[in-house]
Amino acid sequence: MNIILLGPPGAGKGTLANKIKENKNAVQIATGDIFRYNISNETELGLRAKEYMDKGDLVPDELTVDLVWDAFDKIEKNNSQDNIVLFDGFPRTIDQASALDKGMEERGQQIDHVVYFDIDEEILIHRITGRRVCPNCGATFHIENNPPKLEGICDVCGTKLIQRNDDNEETVKNRIDIYKSQTSVLIDYYKDKGILISIDGANSPEEVFEEFCDKLGV
Ligand code: ADP
Ligand code: ADP
Ligand code: ZN
């Protein structure tokens, strides 16, 4: 089953993806994580992506689409058919969505559901500026909503938590503007295809996960 998690930055896509992975047979393709992995390994792709990400701009489609298919084809090769594949942070433009449709068709597959996080903008800034992530294992915390047991230390692996370069108020505003101008059109795009499911992103992570399971029947 192929599922897109669609929503503005800070809506809780990564948090829901982690919960699904803990509880179901699921794998995640998170384009932001793939870019950050390339940045920390100083690859050519990483160097090129970094200049866009630091400003909160979108990385160009030609650097983004191929790496999604690399990840997807690797998953298909290694896993059985009954897996859930979660697209987290992709697609973010109409062109990316078209490329995704085309590539799925070529593979005899389809996007089954698009989970849209309905959430107010004021909540997003608070969520993103308070986000802390583990550079080692990828766990995500929030200084108020979901603090680690020991301040500044990852509960899972004990590594010192960091704040992402792009999680500052100025960049966040640009990311939200870009979401509105380029990504939010995908809500109607998938509504028209009849595969959009809305969930209330303002609820707690547990309630979001429950609503996801109920509405998708998984
Ligand atoms: P996204 O992947 O959509 O950018 P994240 O899942 O990383 O968002 O969440 C952004 C921040 O908000 C994180 O610090 C996370 O701990 C926190 N968060 C996520 N979901 C919720 C929620 N349902 N309620 C409160 N805080 C949340
Ligand atoms: P968030 O959910 O908080 O916006 P992500 O980790 O999904 O964070 O994305 C971080 C940054 O990576 C984005 O601001 C953008 O620069 C880049 N990025 C991630 N996914 C895409 C994509 N599908 N297309 C273009 N740029 C992307
Ligand atoms: Zn960790």
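Ligands are counted one by one from 1 in listed order, and the atoms in each one are counted from 1 as well. FYI, side chains are in, hydrogens and waters are out, and symmetry mates aren't considered; it's all heavy atoms of this structure.
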Using a 6.0 Å distance limit plus a 45 degree cone around the ring axis, check whether K193 lies over the aromatic ring of Y189. yes
Around atom 11 (C) of ligand 1, find the nearest protein heavy atom and jot down its residue, atom name and distance. R127 O, 3.6 Å
Counting only nitrogen or oxygen atoms and a 3.5 angstrom limit, does A11 reach ligand 1? yes
State if R36 counts as touching ligand 2 under the rule of any non-hydrogen atom under 4.0 Å. yes
What atoms in ligand 2 come closer than 4.0 Å to a heavy atom of D57? 15 (C), 16 (O)
Any idea which part of S204 is under 4.0 Å from ligand 1, heavy-atom wise: side chain, backbone, both or neither? backbone
Polar side-chain atom of D66 near backbone of L63 as donor-acceptor pair, under 3.5 Å: no
How does T15 reach ligand 1, if at all, at less than 4.0 Å between non-hydrogen atoms: by side chain, backbone, both, or neither? both
What do you reckon, does T140 have a nitrogen or oxygen under 3.5 Å from a nitrogen or oxygen of ligand 1? no
Using a 4.0 Å heavy-atom cut-off, say whether T64 meets ligand 2 through its side chain, its backbone, both or neither. side chain
Considering distance alone, does some N or O of Y52 sit under 3.5 Å from an N or O of ligand 2? no
Co-members of I176 in a cluster of I, L, V, M, F, W and Y side chains, linked at under 4.5 Å: I119, I123, L124, I125, I128, V172
For the Zn ion (ligand 3), how many protein N, O or S atoms lie at less than 2.8 Å? 4
Polar side chain donor-acceptor pair, E105 to Q110, under 3.5 angstrom: no
Atom 25 (C) of ligand 1: which of N145, I123, T129 has the nearest heavy atom? N145
Just to check, does G7 reach to within less than 4.0 Å of ligand 1 when the distance is taken from its heavy atoms? no
Short version for F141: what comes under 4.0 Å of ligand 1, heavy atoms counted, is backbone
Examine the proximity of ligand 1 to N203 and report which part, side chain or backbone, both or neither, has a heavy atom under 4.0 Å away. backbone
R175 side chain to K55 backbone, donor-acceptor under 3.5 Å: no
Would you mind checking which non-hydrogen protein atom is closest to atom 8 (O) of ligand 1, with the distance to 0.1 Å? G12 N, 3.2 Å
Please list, in number order, the atoms of ligand 2 under 4.0 Å from a heavy atom of G89. 20 (N), 21 (C), 22 (C), 23 (N)
heavy-atom search around atom 2 (O) of ligand 1 in the protein gives G14 N, 2.9 Å
I'd like to know if R107 and D73 make a salt bridge, using a cut-off of under 4.0 Å between side-chain N and carboxylate O. yes
